[in-house]
There are 2 protein chains.
Amino acid sequence: MNISTRFPVAVHTLILLNISQPGTATSDFIASSVNTNPVVIRRITSMLGRANLVEAKAGIAGAKLKKPLSDITLLDVYKAVNVVGEGQLFAVHDNSSIKCEVGRHMHSTMTTILARAQQAMEQVLAQTTVADVAGDIAQLEGVVFPDYFMQPSL
Amino acid sequence: MNISTRFPVAVHTLILLNISQPGTATSDFIASSVNTNPVVIRRITSMLGRANLVEAKAGIAGAKLKKPLSDITLLDVYKAVNVVGEGQLFAVHDNSSIKCEVGRHMHSTMTTILARAQQAMEQVLAQTTVADVAGDIAQLEGVVFPDYFMQPSL
DNA sequence: ATGATGTGAAACTATTTTAGTTACATTTCA
DNA sequence: TGAAATGTAACTAAAATAGTTTCACATCAT
């Protein structure tokens, strides 16, 4: 089990959109950086659009960010691409025998406890912005991204 | 996406093993409380056995706990039933283009950040024991489990 | 010792999710 | 008008999960 790569790919996409010259970050371009199919990227920008993080129009190259990266947390992205449902990180079996003194309380008890664990995880995501991620990468790369623009092709 | 029900079912199983009279908590019995197939339960007790939480022998009814429930954390169970690999809660795409200044750092950067989120979640699991879960259930049921034994059949 | 009972494990199925792919209608713009 | 994009549907392949059947083997009471 693991959480879909849609999430990190969405982060990757947002960063490229941010540092690319207008009209150059096509789904083809992003896909070639991520090393996947352009449709995979479009599916993701479509989800980011529904979450109001980007604005994309048919026929127009390169989606536009609707907020600065510093206003987008990893939790925002995680929720936008729908990798884990609300309180659904853990599946809990939900048809235990009502006749069993233990079984009849397992679902509610475990659900409550595991929701706390999920919250702790999501809280960490809420504390990091996509700008922080971009900053980490810029530092590794030895550049400062706001002054830096991608080449229109790799 | 969500984490397998093996985990809560394993907790359910441990509690039943603890409060059942010796030799009565067969995989059949537990399965009828969980409402699943006995083989599913045996697969789980087998994993719990490999993690040294229970001892089960072929032919002998009802696995035996190797530790009191108060010495078994939810994290122990979660690891025993192998629902999430070490640092593998989040999948991160791992073949970004090396030619891309962003792509070439995405994997390491995201992996580091997401590992922190996973740790936060697992830390919550480490803070709760199976005895705590049993206690919650006993309270809902209005009994005290150490003095309470399951009926050999539901 | 024998038969009933139970566990361990392999093998198979159905379902779900993800990622990748093809294809095509539609929009934008030079 | 035509090249270049996007949006979306539909299909495939792969992986994980849960359930099921089957059977060898261990245990134990009689």
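Every chain is numbered from 1, with letters handed out A, B, ... down the list of sequences. Given the structure is predicted, the values throughout are model-derived calculations rather than measurements.
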- line: Nucleotide by nucleotide, nucleotides 23-30 of chain D touches protein heavy atoms under 4.0 Å in the pattern (B base, S sugar-phosphate only, - none) ---BSS--
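- In this structure, a donor-acceptor pair under 3.5 Å is present between the side chains of B:Ser33 and B:His12.
- Remark: B:Ser27 is not in phosphate contact with C:dG6, judged by side-chain N or O atoms under 4.0 Å from OP1 or OP2.
- Atom C1' of nucleotide C:dA9 and atom CZ of B:Arg50 are separated by 10 Å, given to the nearest angstrom.
- Just one of A:Asp76, A:Thr73, A:Leu74, A:Val77 meets the side-chain contact (heavy atoms from CB on, under 4.5 Å) condition when paired with A:Leu125; it is A:Leu74.
- B:Phe7 and A:Phe90 have tilted rings, their planes meeting at an angle from 30° to 60° on a 0 to 90° scale.
- When the P atom of D:dG7 is taken as reference, atom CD1 of A:Ile44 falls 13 Å away, rounded to whole Å.
- Between A:His93 and A:Ser96, the shortest heavy-atom contact is CD2-OG, 3.2 Å.
- In this structure, the side chains of B:Ile3 and B:Val84 come closer than 4.5 Å at one or more pairs of heavy atoms.
- Considering only heavy atoms from C-beta on, A:Ile113 comes within 4.5 Å of B:Asp136 through its side chain.
- Going from atom CD of B:Glu55 over to atom P of C:dG8 covers 11 Å, rounded to whole Å.
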task: Classify every nucleotide of nucleotides 13-22 of chain C by which part a protein heavy atom approaches to under 4.0 Å, writing B for the base, S for the sugar-phosphate alone and - for neither, in 5'-to-3' order.
output: ----SSSBBB
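- B:Ser46 meets the side chain to side chain donor-acceptor pair (under 3.5 Å) test with B:Arg50; sequence neighbours excluded.
- A donor-acceptor contact under 3.5 angstrom links the side chains of A:Glu122 and A:Gln118, judged on distance only.
- Nucleotide D:dA18 holds its C1' atom 15 Å from the CG atom of A:Asp94, rounded to whole Å.
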